[in-house]
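Reading through the C-alpha cells given below for one structure.
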Amino acid sequence: MTHRPFRAPAAAAVVLTAMASVLMAHQPAQAAADRIRLGSASDVSRSTWNGPAFTMNGAGGVVTASMTRAIQEIRGGTGSLDVVVLAGSAPTSGSKTPECDTITGLTGVNSCTTWTLTTASDGNNSQMATDVRNAEFVYFAGGDQCRYTAWKGTALEAAVEAVVAKGGGSGGGSAGHHINSPIVYDACKGSVTSAEALANPYDQYVSFTTGMFEWANYGAVINDSHFVTRDRMGRTMSFLARAVKDGLAPGGSAWGVGVEEGGGSLFLDRNGMATQYGKDAYVVLADHQPEQAVDRKPLTYSDFKVWRLTPGSTFDFKNRPTCGYYLRSVTNGTPDANLYNGTPVTDCGSQGGGSTVAESEPNDSRDAADDATALASPGTLTGSMKSTSDRDYFKVSVAAGQTVSVNCAVPSAYDADVYWLDANGSTLTRSVNDGAGTDESLSFTRTATGTGTYYLDVEAYSGSGSATYACTLTRS
C-alpha cells in the first residue's frame with residue numbers, strides 16, 4: 001500500500017488585528033525557542049479563577065466565539081487574563097503571531113505570548129515554563145502533533161496541567177485539537193487516510209500517544225480535525241476499534257470527537273458540558289470489542305454510535321448520553337453509506353439518560369418555561385444567570401411514586417438558588433445555600449396517583465454572568 005509522506009497542515013490565515021497601543025516584545029529565549037509577547041509586559045496576579053474551560057477547533061486558527069466564551073468563563077466576567085500560544089513551527093508567511101493577533105483583540109485579555117518550540121528539549125525551556133504557569137489559557141497552534149507529543153514528561157506538560165488545575169484552560173486547533181485528548185493520534189510515522197486505516201487498523205502510520213493531557217470529564221477520547229472536509233470519520237472509527245482492542249481506553253469503550261474545519265469549535269466548560277460553535281462536530285462511540293481488528297486485515301465493527309453536533313447544540317461529557325445517536329457499521333473495511341448523517345435513535349426507555357435541555361430566553365415564568373418533560377434520566381438542565389434578577393423555569397413531569405433528585409453545579413460568578421414548584425407555582429421544596437459557586441440540591445417524591453407537572457425554578461440570588469450552571473435531574 002502506498003502512503004503519502006506526512007505533511008503538517010498549514011496554519012490557518014488569521015486577519016491581523018490593528019492595535020495602536022500594543023506592546024510587542026520579540027526576543028529569542030534560548031537557542032531553538034522563540035518568544036513574542038503582545039499586550040502588557042506584566043502578568044495578571046489573581047488568586048482564583050473560574051475554569052477550567054477548553055476549546056477544541058477543527059482547524060488551526062482561533063475561533064473567536066468559543067475563545068471569547070472560554071476567556072469570559074475563566075475570568076468570571078471580571079478582570080483580565082494572560083494567554084500563551086505554543087507552536088511547533090513558525091508560520092511560513094504573514095504574521096509570526098496569527099493566533100495572538102486575534103486573541104489580543106478580545107475582551108478580558110491582558111497579554112498573549114507566542115512561543116515557537118522546534119525541538120523536544122524546548123519543552124524544558126525555563127522561561128517558557130514560567131510564562132505558561134503565569135498564564136490562564138494555553139492555546140496549541142496547528143501544525144504537527146508529533147512535535148507536541150515529544151513534550152510529554154517535560155516542564156511544558158506540567159506547566160499546562162498547572163494552568164488547568166488553577167481554573168484556567170487549554171485548547172487548540174488541528175494538531176492543537178489532537179494533543180488535547182487523552183489518546184492522541186500522533187501521526188509520528190506519517191498521516192493516514194480513512195481508506196488506509198479501515199483497510200488495516202494496524203497500518204504502520206496509525207500510532208498513538210497516551211498519558212499526556214487527561215482533562216476532567218474528557219476521558220477515553222481521541223480527537224480528530226478537518227473532519228468532514230477530509231473525510232476522517234472512517235479513520236476515527238478505526239482508531240476507536242484499535243483503542244478498545246488494545247486496552248487504550250479504560251472501561252472498554254472509546255470515544256471520538258471529530259470537529260469540522262472552517263470555524264468549527266467544541267467548547268467544554270468546567271462541568272463537562274460541551275457546546276458546538278461554527279460548524280458541525282461528531283461524537284463517535286465504540287462500546288464493544290471489534291468483530292475483526294488485526295494486522296493486515298480490514299476492519300469489521302458493528303454499530304458505532306454517532307452523535308452529530310450542529311452549531312448551538314450541547315453534549316454532556318460528564319453524564320454521557322445513551323440516546324440520540326445514529327448507528328453506522330464497517331464490514332471488511334467498507335463503511336456504511338451516509339456516515340455524516342443519520343436518523344437518531346430516540347426509543348431508549350425512561351432511564352435512557354444523558355440528554356440535555358438548555359435554557360432558551362425568555363423562560364422567566366411558568367408560562368414561558370423550557371419543556372423538559374421528555375428529559376431522560378439522568379438528564380441535564382443548563383443555563384446562566386444573565387442578570388441579578390434572572391429566573392429560569394423548566395417544566396418537568398413526574399409519575400406516581402417517582403422520586404426526582406436535582407443536583408445543580410453553580411459557577412463561582414454568582415449565587416443561585418433552586419425551587420421545586422407544583423403546577424400552580426407553590427414551592428414544595430427548595431435549596432438556598434449561601435455563597436457564589438455553592439452547589440444546590442433537592443429531591444421530591446410524588447405520592448399522588450397519576451403523572452403530575454412540576455417546575456424547577458433556578459433564581460439568581462446575587463451576582464450574574466455568562467458562566468453556565470448545570471442541574472442534573474435523576475428519576476428513581
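Starting from 1, each residue takes its place in the sequence as its number. None of the values given here were measured: they were computed from a predicted structure.
For the pair Arg230 (side chain) and Arg232 (backbone), a donor-acceptor distance under 3.5 Å is absent.
The line from SG of Cys323 to OH of Tyr325 is 6.5 Å long, rounded to the nearest 0.5 Å. Rounding to the nearest 0.5 Å places CD1 of Ile71 at 4.5 Å from CG of Leu106. In this structure, CG on Leu375 lies 11.5 Å from CG on Asp370, to the nearest 0.5 angstrom. To the nearest 0.5 angstrom, Met56 atom CE is 11.0 Å from Ile179 atom CD1.
A donor-acceptor contact closer than 3.5 angstrom is absent between the side chains of Asp316 and Thr356. Under the 3.5 Å distance criterion, with hydrogens and angles disregarded, a donor-acceptor pair is assigned to the side chains of Asn57 and Tyr139. Donor-acceptor pairing under 3.5 Å is recorded for the side chains of Ser265 and Ser66. Asp371 and Thr373 form a side-chain donor-acceptor contact under 3.5 Å, judged by distance and modelled atom types alone. A donor-acceptor pair shorter than 3.5 Å cannot be found between the side chains of Asp231 and Ser194. Residues Arg69 and Thr55 bring no donor and acceptor atom of their side chains to less than 3.5 Å of each other. No hydrogens or angles considered: a donor-acceptor pair under 3.5 Å links the side chains of Asp186 and Ser207. Defined by atom type and a distance below 3.5 Å, a donor-acceptor pair is present between the side-chain atoms of Tyr218 and Asn223. Side-chain contact annotation: Thr229 with Glu260, donor-acceptor N/O pair under 3.5 Å present. Checked by atom type, the side-chain pair Glu73/Ser466 shows no donor-acceptor distance below 3.5 Å. There is no side-chain donor-acceptor pair under 3.5 Å between Thr300 and Gln292.
Classification of Arg308 and Asp280 as a salt-bridged pair holds, one side-chain N sitting under 4.0 Å from a carboxylate O.
Because its NZ or CZ atom is not both nearer than 6.0 Å to the ring centre of Trp151 and within 45° of the ring axis, Arg147 does not count as a cation-pi partner of that residue. Within the cation-pi definition used here (under 6.0 Å to the ring centroid, within 45° of the axis), Arg296 does not qualify as a partner of Tyr202.
Sorted by first and then second residue, the salt bridge (charged side-chain N to carboxylate O under 4.0 Å, His left out) pairs with a member in residues 161-179 read Glu136-Lys166; sequence neighbours excluded.
Note: Phe394 and Tyr469 have perpendicular aromatic rings, judged against thresholds of 30 and 60 degrees for the angle between ring planes. His288 and Tyr301 have parallel rings, their planes meeting at less than 30° on a 0 to 90° scale where 60° marks the start of perpendicular. Relative ring orientation between Trp255 and Trp307 is described as parallel, the plane-to-plane angle staying below 30° on a 0-90° scale split at 30° and 60°.
No side-chain heavy atom of Val458 sits under 4.5 Å from any side-chain heavy atom of Tyr393. Taking the side chain as every heavy atom from C-beta outward, Ser253 and Val244 never approach each other to under 4.5 Å. Side-chain contact between Thr102 and Thr64 is present, with at least one heavy-atom pair separated by less than 4.5 Å.
Between Ala241 and Leu299, the closest heavy-atom pair is CB-CD1, 3.7 Å.
With ring centers used as reference points, Phe54 lies 6.0 Å or more from Phe267.
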